[in-house]
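One-based numbering along the sequence shown.
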Amino acid sequence: MKRKILLYSVGRSDYDRYLPLLNEFYNKKKIDFAIALNSVHLKSKFGKTFKHINKKFKIFKPINTNNNLNNTKDIIKNFSENLIYLNKVFENFKPNLLIVLGDRYEMMCAPICAIQNNVPILHFYGGSKTIGSIDDTIRNSITKMSNFHFVVNQKYKERILKFDEKESNIKVTGLIGFENF
């Protein structure tokens with residue numbers, strides 16, 4: 001039976017980081033994977049970055065992309081619409097694992113859906129620290145929701161250990177660790 005893996009992408013920057021992993025999955029017969037895109041990928045304002053995603057990969061795109069993302073009300077509406085869209089992706093694709101990356105607020109949509117669907121979560125790049133922004137709050141929330149952690153360095157691993165996460169579920173991979181995954 002194929003293992004079904006869902007990756008969630010909220011922008012071109014995380015897609016680029018996922019790419020070595022996606023190419024590795026593409027060559028594995030026992031893995032069925034897909035990329036669920038946040039609506040930001042479809043917006044002209046952000047360069048319609050979905051066009052940069054290799055057509056050989058299975059992708060899920062949201063239908064509703066009308067929000068302008070100009071204020072808090074727009075951001076909350078976008079978040080809510082992406083939650084609803086992702087819930088449908090989880091219902092239809094039925095992944096065995098969710099992979100997320102980083103600390104963008106949009107990224108939280110996928111772990112919320114994964115938890116509700118009992119899908120384990122692998123989080124890349126937890127444990128770092130950003131002073132003066134909401135990134136730490138978002139990143140730490142995603143870290144707490146996640147089951148597995150791939151971090152940049154030992155210092156970040158030690159931060160995650162302070163969250164009472166299992167040490168055996170935290171791997172130091174560095175920034176460019178996907179090729180050896």
| request: Please report the C-alpha distance between L98 and F90 in whole Å, then the side-chain angles of each, then the deciding distance to 0.1 Å, and finally whether the side-chain contact (heavy atoms from CB on, under 4.5 Å) criterion is met. | output: CA-CA 10 Å; L98 170 69; F90 274 84; 4.3 Å; yes
| query | Would you find a donor on one side and an acceptor on the other, under 3.5 Å apart, between the side chain of N27 and the backbone of N23? | reply | yes
| remark: Of all heavy-atom pairs linking G126 and Y156, the shortest is O-CB, 3.7 Å
| query | Could you state the interatomic distance from CD1 (I160) to CD (E158), rounded to the nearest 0.5 Å? | reply | 11.0 Å
| Taking atom NZ of K58 as the centre, does the number of heavy atoms from other residues, nucleotides or ligands within less than 6.0 Å exceed 12? | yes
| Is any side-chain heavy atom of Y125 less than 4.5 Å from a side-chain heavy atom of V151? | no
| said: Strictly distance-based, threshold 3.5 Å: is any side-chain N or O of S9 a donor or acceptor partner for the main-chain N or O of G11? | reply: yes
| query | Do N87 and E91 have side-chain atoms, one donor and one acceptor, less than 3.5 Å apart? | reply | yes
| request: Kindly compute the distance separating CG (D32) from CG (L6), expressed to the nearest 0.5 Å. | output: 10.5 Å
| query | Hey, any chance Y26 and I31 share a hydrophobic cluster, counting ILVMFWY side chains that come within less than 4.5 Å of each other, even indirectly? | reply | yes
| task | Could you check if a side-chain atom of S141 sits within less than 4.5 angstrom of a side-chain atom of M108, using non-hydrogen atoms only? | result | yes
| Exercise: identify the closest heavy-atom pair between V10 and H41 | C-NE2, 3.9 Å
| query | At what distance, to the nearest 0.5 angstrom, does CD of Q116 lie from CG of L83? | reply | 10.0 Å
| Nearest heavy-atom neighbours spanning D136 and R139 | OD1-NH1, 2.7 Å
| query | Are any side-chain N or O atoms of Y18 and backbone N or O atoms of L101, one a donor and one an acceptor, separated by less than 3.5 Å? | reply | yes
| field | Minimum-distance pair of heavy atoms, taken over all atoms of I142 and G102 | value | CD1-O, 3.8 Å
| query | CZ of F163: more than 12 outside heavy atoms within 6.0 angstrom? | reply | yes
| query | Between the main-chain N or O of K4 and the side-chain N or O of N96, is there a donor-acceptor pair closer than 3.5 Å? | reply | yes
| field | Flag for Y8-N38: side-chain donor and acceptor within less than 3.5 Å | value | yes
| task | Check whether any side-chain heavy atom of F124 lies under 4.5 Å from a side-chain heavy atom of V100, and answer yes or no. | result | no
| Where V119 and N147 come nearest, the two heavy atoms and their spacing | O-OD1, 4.5 Å
| message | Please determine whether the number of non-hydrogen atoms from other residues, nucleotides or ligands lying under 6.0 Å from atom CD of E167 exceeds 12. | response | no
| query | Less than 4.5 Å apart, any side-chain heavy atom of I121 and any of I115? | reply | yes
| said: Taking the side chain as everything from C-beta on, heavy atoms only, tell me whether I112 gets closer than 4.5 Å to C109. | reply: no
| message | Is there a side-chain contact (heavy atoms from CB on, under 4.5 Å) between L7 and L21? Walk through the geometry before answering. | response | CA-CA 10 Å; L7 296 93; L21 188 58; 4.3 Å; yes
| query | In this structure, are over 12 heavy atoms from other groups packed under 6.0 Å from K55 atom NZ? | reply | yes
| field | Ring-ring centroid check F33 F57, cutoff 6.0 Å | value | yes
| task | For atom NZ of K56, decide whether the heavy atoms of other residues, nucleotides or ligands shown that lie under 6.0 angstrom number more than 12. | result | yes
| field | side-chain contact (heavy atoms from CB on, under 4.5 Å) between V152 and T173, worked out | value | CA-CA 6 Å; V152 173; T173 60; over 6 Å; no
| request: Report the C-alpha separation of E24 and K28 in whole Å, then their side-chain angles, then the decisive distance to 0.1 Å, and conclude whether the salt bridge (charged side-chain N to carboxylate O under 4.0 Å, His left out) test is met. | output: CA-CA 7 Å; E24 188 69 27; K28 303 288 182 195; 3.3 Å; yes
| request: Compute the centroid of each ring, for F60 and then for F93, and state whether the two points are separated by less than 6.0 Å. | output: yes
| Any chance the side chains of N78 and N82 put a donor and an acceptor closer than 3.5 Å? | yes
| Does the side chain of H149 pick up a donor-acceptor pair with the side chain of T143 at under 3.5 Å? | no
| Close side-chain approach of F25 and I99, heavy atoms under 4.5 Å | yes
| request: Check R104 against I138 and note the closest heavy-atom contact, atom names and distance. | output: O-CG2, 3.5 Å
| query | Has K88 got more than 12 heavy atoms of other residues, nucleotides or ligands less than 6.0 Å from its NZ? | reply | no
| said: For K144, is the NZ atom crowded, meaning more than 12 foreign heavy atoms sit under 6.0 Å from it? | reply: yes
| request: Check step by step if side-chain contact (heavy atoms from CB on, under 4.5 Å) holds for F150 and L122. | output: CA-CA 8 Å; F150 284 12; L122 188 154; 4.1 Å; yes
| Less than 4.5 Å apart, any side-chain heavy atom of N140 and any of R159? | no
| message | For the CG atom of L22 and the CZ atom of R17, what is their distance to the nearest 0.5 Å? | response | 14.0 Å
| Gap between atom NZ of K61 and atom CD1 of I53 - 0.5 Å precision | 9.0 Å
| said: What's the separation between atom OG in S39 and atom CD in E106, rounded to the nearest 0.5 Å? | reply: 8.0 Å
| request: With the side chain counted from C-beta on, respond yes when L97 and R3 share a heavy-atom pair under 4.5 Å apart, and no when they do not. | output: yes
